[in-house]
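All chains are named by letter (A, B, ...) in the order of the sequence lines, taking the proteins before the strands, and each is independently numbered beginning at 1.
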Amino acid sequence: MSTRTEPAWIRRALIGIALSFLALFILLPLTVVFMNALNKGIAIYLKSLSDPAALAAIRLTLLTALIAVPFNLIFGVAASWAIAKFDFRLKNLLITLIDLPLSVSPVISGLIFVLLFGAQGALGPWLRAHGIKVIFALPAIILTTIFVTFPMVARELIPVMKAFGNEEEEAAMTLGANGFQTFWRVTLPNIKWGLLYGVILCNARAMGEFGAVSVVSGHIRGQTNTLPLHIEILYNEYNFTAAFAAASLLAMLALVTLILKSIIEFKYRAELAAAGKFVIKMENHV
Amino acid sequence: MSIEVKAIDKTFGTFKALDQVSLKVATGELVALLGPSGSGKTTLLRIIAGLETADCGEIFFHGDDARGKMTKDRNVGFVFQHYALFRHMTVFENIAFGLRVKPKALRPSEKQIKEKVHELLKLVQLEWVASRFPSQLSGGQRQRIALARALAIEPKILLLDEPFGSLDAQVRKELRQWLRRFHDHLHITTLFVTHDQEEALEVADKIVVMNKGKIEQVGSPEDVYHNPASVFVLNFLGNVNIFHARSSAEHKSGEKPAKMYVRPHQLIVSRSPLSENSVKVVLTFVNLAGSIVKIDAQSQKGEIFQVEMSQEEYRALKLTKSDEVFLTPKNIAFSEYEI
Ligand SMILES: Nc1ncnc2c1ncn2[C@@H]1O[C@H](COP(=O)(O)OP(=O)(O)OP(=O)(O)O)[C@@H](O)[C@H]1O
Ligand SMILES: [Mg+2]
């Protein structure tokens, strides 16, 4: 720290600017959310959260995350394992495809599913003939959520797995470990913080996704509204207190995510430093 | 358990890493795989361990075809070049790993595991580090723990990839003698990779010299040192000087010019020419540090020669830098005709 050459006033100015931006764009909105949610008292706050439509939205959001996150956990581990540890043709294509949902607008992501499964979509007639409802129903919400969140885990894990390399797994195999034992006893402990980090980001995105889900959900109150969609409807109906009460749940989710993320990052750094490895820069996609 | 490798080929893309490699290692032998960087040593070791598959060729362990066996079933102890210790496990758990992953029926009890690990730690003389993590060990200690871990499964074959590669000279020397004693004690068939010829010559029963994916020569240390099969082996096993034989006794018109290779200690230094093979040189550099004197000399044609002699010989000759002397080959290690 003693090698710093910038004059003190520049330092102070830069820190000041950063902190004011933080206050203006993050702390202020957060405060506004909680103030508006609670401005008619805690009783009204709790009542608007226990409204059947609100409860249905919470349930749907949790259910969606409960399915999408484990799915992406498995996919993320498999994909990053393949990318980090094997060489194969089309590897670059796979990497590009994994990143696709991040570079496509969520609305387009939603539209893809409408085009696939909608009444006029490619699979629409077949689905209707078999009485399967995808669009404007739970399956579409889950599929879309999986789609928009599937880079989260894989992208966290690829650099971690690359950094750890293959040797420990090979050593385990020469010592007689089978594939499962190698993964469970050697790979998983090495990647656990990166994995947890990815899962938390994935969960935050799965619960908070608006655009893509909005396109496929159909906004049926009490049935296909996730929490973000529920908030929008309430807000459009000028039911501000209820809207902000629901929003405060998502805000709390964000805060919890943030805190967990910091803890994990801290643990992870300590572990990597102890392992004598350079610290891998964690990318944040939220 | 003996190892036999027959006509192994291995290509990476278009690059031929191993080219018709055949090799036999007898039971209980300590064999050094010696060769420059990129000559395919690690690749051969990995193929024997089943970590890599050969394009073609056969591998036998004690006469049994090993190709159908997966790495985990080969019961081969492998020590990696960079140790590959499990970084999230203590030294104790590292060594116990091979025992803990055994199928239930064969798995020793917790007490037996404890005994075995401590026995191995004693063997590698590191009993006090059991509860440390690999990051808290020195390079030499990690190396020995990696060896102890490999030995826990009681392998019949031990493969060591540059076991002393990343250690400093002092530790290397100690460990290589330790390896020799250790092998004499346990008698496990051992194949170890090195690119340090001194290490190979000092430790091994047998040396396999590799170059560009091919085996150049197999033989005892004396054999490969004194009777090199090729210029490459000669060069690789120590410094060598080249003499271009210009005048031979009969000056027949059809005779081809020849190259003679002479080791630095096989040159006689004299004040006057001893034969028609003697070359007149000027001493350009003298290094007196060490048990032998190392001298660089330059001929009028600009060729550089390296000479080695004992301190006594050096003093008897009363040599100093810039002296003009004659070099005469005493013993020609290898000669070939120029093409
Ligand atoms: N997985 C791989 N893909 C492509 N090329 C490889 C691979 N593994 C090894 N090679 C190539 O094969 C050749 C032999 O490699 P190998 O690791 O066996 O050499 P080595 O003799 O062990 O060298 P060193 O002493 O540097 O460890 C090298 O040229 C290397 O680039
Ligand atoms: Mg190597």
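There is no contact between Ala152(B) and chain A, counting heavy-atom distances below 4.5 Å. Both the backbone and the side chain of Asn178(A) come within contact range of chain B, judged by heavy atoms closer than 4.5 Å. Heavy atoms of Leu159(B) lying under 4.5 Å from chain A are absent altogether. Using a 4.5 Å cut-off between heavy atoms, Arg46(B) contacts chain A through its side chain alone, with no backbone atom that close.
The distance from the CD atom of Glu168(A) to the CG atom of Asn94(B) is 8.0 Å, given to the nearest 0.5 Å.
Put simply, the side chain of Gln181(A) gets close to the backbone of Val101(B): a donor and an acceptor are under 3.5 Å apart.
Scanning both residues, Ile153(B) and Leu175(A), for their nearest heavy atoms gives CG2-O, 3.7 Å. Counting all heavy atoms, side chain and backbone alike, Phe97(B) lies closest to Ala177(A) at CE2-CB, 3.8 Å. Of all the heavy atoms in Ala84(B) and Ala171(A), the pair that sits closest is O-CB, 3.9 Å. Taking each heavy atom of Val186(A) and His88(B) in turn, the nearest pair found is O-CE1, 3.7 Å.
With a 6.0 Å radius and a threshold of 12 heavy atoms from other residues, nucleotides or ligands, His187(B) has its NE2 atom above the threshold. Taking a 6.0 Å sphere around NZ of Lys122(B), one finds it holds 12 or fewer heavy atoms contributed by other residues, nucleotides or ligands. Around CZ of Phe21(A), the count of heavy atoms belonging to other residues, nucleotides or ligands within 6.0 Å does not exceed 12. Lys114(B) NZ: 12 or fewer foreign heavy atoms inside a 6.0 Å radius. No more than 12 heavy atoms of other residues, nucleotides or ligands shown are found within 6.0 angstrom of CZ on Phe71(A).
A 4.5 Å side-chain heavy-atom check between Tyr83(B) and Glu167(A) finds every atom pair outside the cut-off. By the 4.5 Å heavy-atom criterion applied to side chains, Met173(A) and Met70(B) are not counted as neighbours. Under the 4.5 Å side-chain criterion, counting only non-hydrogen atoms from C-beta, Val76(B) is not in contact with Thr174(A). Counting heavy atoms from C-beta outward, Phe86(B) and Asn190(A) have side chains that stay 4.5 Å or more apart.
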